[in-house]
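Step one of this worksheet: look at the structure below.
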Amino acid sequence: MLQSLRRWLLLQFATPADWLFAGLVLICLVPIWIFPFFPTQDGAAHVENADLLVNYWNPARPEISSFYTFNPAALTNWVGHLVLAALMLWGSPVVAEKLFLSAYIILLPVTARYALTAISFEARWLALLTLPLVYSLALFKGFYNFCSAIPLYFFLLGFWLRRRDHIDPRTFLILVLVSLLLYGAHILVWGMGALAIGTLALWFLFLDVLVQHRPLRLQVRKRLLPVILLALVPAILLLTFATRDASQPLQMDTNWRVSLLILARMNTIVALDERDFWFASALLAGLGALFLLQLFRKFKTQRIQLWDGWLAALGVYFVVYMLIPGSIAGGSFVKQRMVMFLVFALLFWLAAQTYSFLLKTAVTVSAGIWVVSLLFIRLDAQRVLNAHLQDVYTVAAHIEPHTTLLPLTFASRASADPSSTHLSRIRVLLHGAGYVAAMRRTIDLTNYEARTDYFPFRFRSEVDPTPYITKIATGAPKLDLRGYERDTGMRVDYVLLLVEDASFGQGYEPPPAILASLESDFALIFTSPLGYARLYRHK
């Protein structure tokens, strides 16, 4: 067995490009571990809700079941929470998050390499080109379920591509289980996988019948029937999810100019710094040049090949990208996420092409320089945002466990300017109190996941604070704490005021209506060192 492992390792790391790939994957772990917190917008909320999942049946935490109930309508968005919850059995919530992110950063390029080698083992070097998408806007936004689904997407495609001609019952069962797991991670990513497999299955059927002159009936049974059965159960679940709210029908996007701008600017990786735009432009230019070069070569040969089906898949992805709205069922930045799959489909097609040693070396070295440079440049922005989270976390020592916490986040400007610094793009304080809630075992009354119907938990209707606490950061706040306590019988123990782009004591004060509602029943007990947080306790 040791000899087999040795042969496998020698095969996997046979070229300098293989060693560069492994080294870059390890380097990509540095931003996760270099600071106490990895700054994201929604990540803290996912950590908080994973902690609820761990402790829901814990008799020492009865307050959880008093405020939350399982959400049977949550047909997806489970895998990320389950993995985080499992990791919390071995470490603190913050450490579990770091382990979760480390697994994602390693598995995305590794599973991409696995899928690309299903087309050609020599194409494994192209997995380097997935590294620029690891630290995407989706990751910094904290879309953990979406991110956790991408390695499953690559594994599903790689496994199917390897066995597409001989799908026996065991293979089919594995495909079904992975497909259901992918659906349970994220609907959009499952949809992209289903589209790719369906398009390729039709392409293979086309080649079998019209080029190889094989019987249509047999090829339909061989190519399409397994794919239809594979997608059947998730498709039914997806239909249930999409039609659960008839008052909000799905509408196609008709603003194609905006869609093309998002694609042309590669906004999927523009997240923290203005210099991200330069790196996005360089990535787009490089991928575009590589695509046009190989497309030109293909036109010269005028031959249809097996893996040209990925051009068809790329076309299908592009049409869906142009038509899909920017937000679906509460999920935002849909187009920015879909850009990633356009790149993935392109890489699959490029994997079937041939490259000179000089071209391969140039692309490999350029990708390595690109990845390391962007990681280094972004560290300063991550340091600043991490400092904000650390400042907020200083309030944790002043909060008693098994209590209720009401975090209220404000922006000192009326609205965030999208052309300004990273501080207005990645709002780390919007849900940053989730770390406090998870570590101090408190109930977060502004837990945004519990106010939706597509996450594992919902607030119980009889204690739901939503009608009493609304529109805090929009300039039209509603805060009726006495009414909430009177109508629900629940006590608000702490109120945490957070300000995103300034600090208390530097010319910013919360709206007078908020302060007035606090003064009679709450006392200020702590202000964070940098002034981003004020903690009030019920008198």
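Residues Phe38 and Ile32 meet the side-chain proximity criterion, which asks for heavy atoms closer than 4.5 Å.
Taking CG from Leu342 and CZ from Phe318, the interatomic distance works out to 8.0 Å, rounded to the nearest 0.5 Å. Summarising the geometry, atom CD1 belonging to Ile262 is positioned 12.5 Å from atom CZ belonging to Arg337; distances are rounded to the nearest 0.5 Å. Interatomic distance, Asp380 CG to Leu385 CG, rounded to the nearest 0.5 Å: 9.5 Å. Rounded to the nearest 0.5 angstrom, Leu175 CG and Trp160 CH2 are separated by 9.5 Å.
With sequence neighbours excluded, no residue forms a salt bridge (Lys or Arg N to Asp or Glu O under 4.0 Å) with Asp444. In this structure, Lys98 has no salt bridge (Lys or Arg N to Asp or Glu O under 4.0 Å) partners at least two apart in sequence or on a different chain. When the side-chain contact (heavy atoms from CB on, under 4.5 Å) test is applied to His46, the partners found at least two apart in sequence or on another chain are Asp42, His81, Leu84, Tyr144, Asn145, Tyr448, Glu449, Phe455. Listed by chain and residue number, Tyr114, Phe159 satisfy the ring pair (Phe, Tyr, Trp, His ring centres under 6.0 Å) test with Phe155 (two or more places apart in sequence, or in another chain). Remark: Phe143 engages no residue in a ring pair (Phe, Tyr, Trp, His ring centres under 6.0 Å) (not counting sequence neighbours). Ala194 meets the side-chain contact (heavy atoms from CB on, under 4.5 Å) test with Trp190; sequence neighbours excluded. For the side-chain contact (heavy atoms from CB on, under 4.5 Å) test, residues two or more places apart in sequence or in another chain that qualify with Arg265 are Leu261, Asn267. In this structure, the side-chain hydrogen bond (donor to acceptor under 3.5 Å, both in side chains) partners of Arg378, at least two apart in sequence or on a different chain, are Asp276. Residues passing the side-chain contact (heavy atoms from CB on, under 4.5 Å) test with Ala127 are Phe21, Arg113, Leu116, sequence neighbours excluded. For Phe35, the ring pair (Phe, Tyr, Trp, His ring centres under 6.0 Å) test picks out no residue, with sequence neighbours left out. Residues satisfying the ring pair (Phe, Tyr, Trp, His ring centres under 6.0 Å) test with Phe341, not counting sequence neighbours, are Tyr153, Phe344.
Aromatic ring pairs are classed by plane angle as parallel below 30°, tilted from 30° to 60° and perpendicular above 60°; the pair Trp125 and Tyr355 is perpendicular.
Within the 3.5 Å criterion, the main-chain N or O of Leu429 finds a donor-acceptor partner in the side chain of Thr409. With hydrogens and angles ignored, the 3.5 Å screen pairs no side-chain donor or acceptor of Thr199 with any backbone N or O of Ala196. Distance alone, capped at 3.5 Å, places no donor-acceptor pair between the Tyr435 side chain and the Ala45 backbone.
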Distance-only criterion, 3.5 Å: show the donor-acceptor pairs between side-chain atoms of residues 278-289 and protein atoms not counting sequence neighbours.
unit_1	atom_1	unit_2	atom_2	d
Ser281	OG	Phe277	O	3.0

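Comment: Arg458 does not engage Asp464 in a salt bridge, judged by the lack of any side-chain N to carboxylate O separation of less than 4.0 angstrom.
Summarising the geometry of Leu133 relative to Met340, their closest heavy-atom pair is O-CE, 3.6 Å, with the distance given to 0.1 Å.
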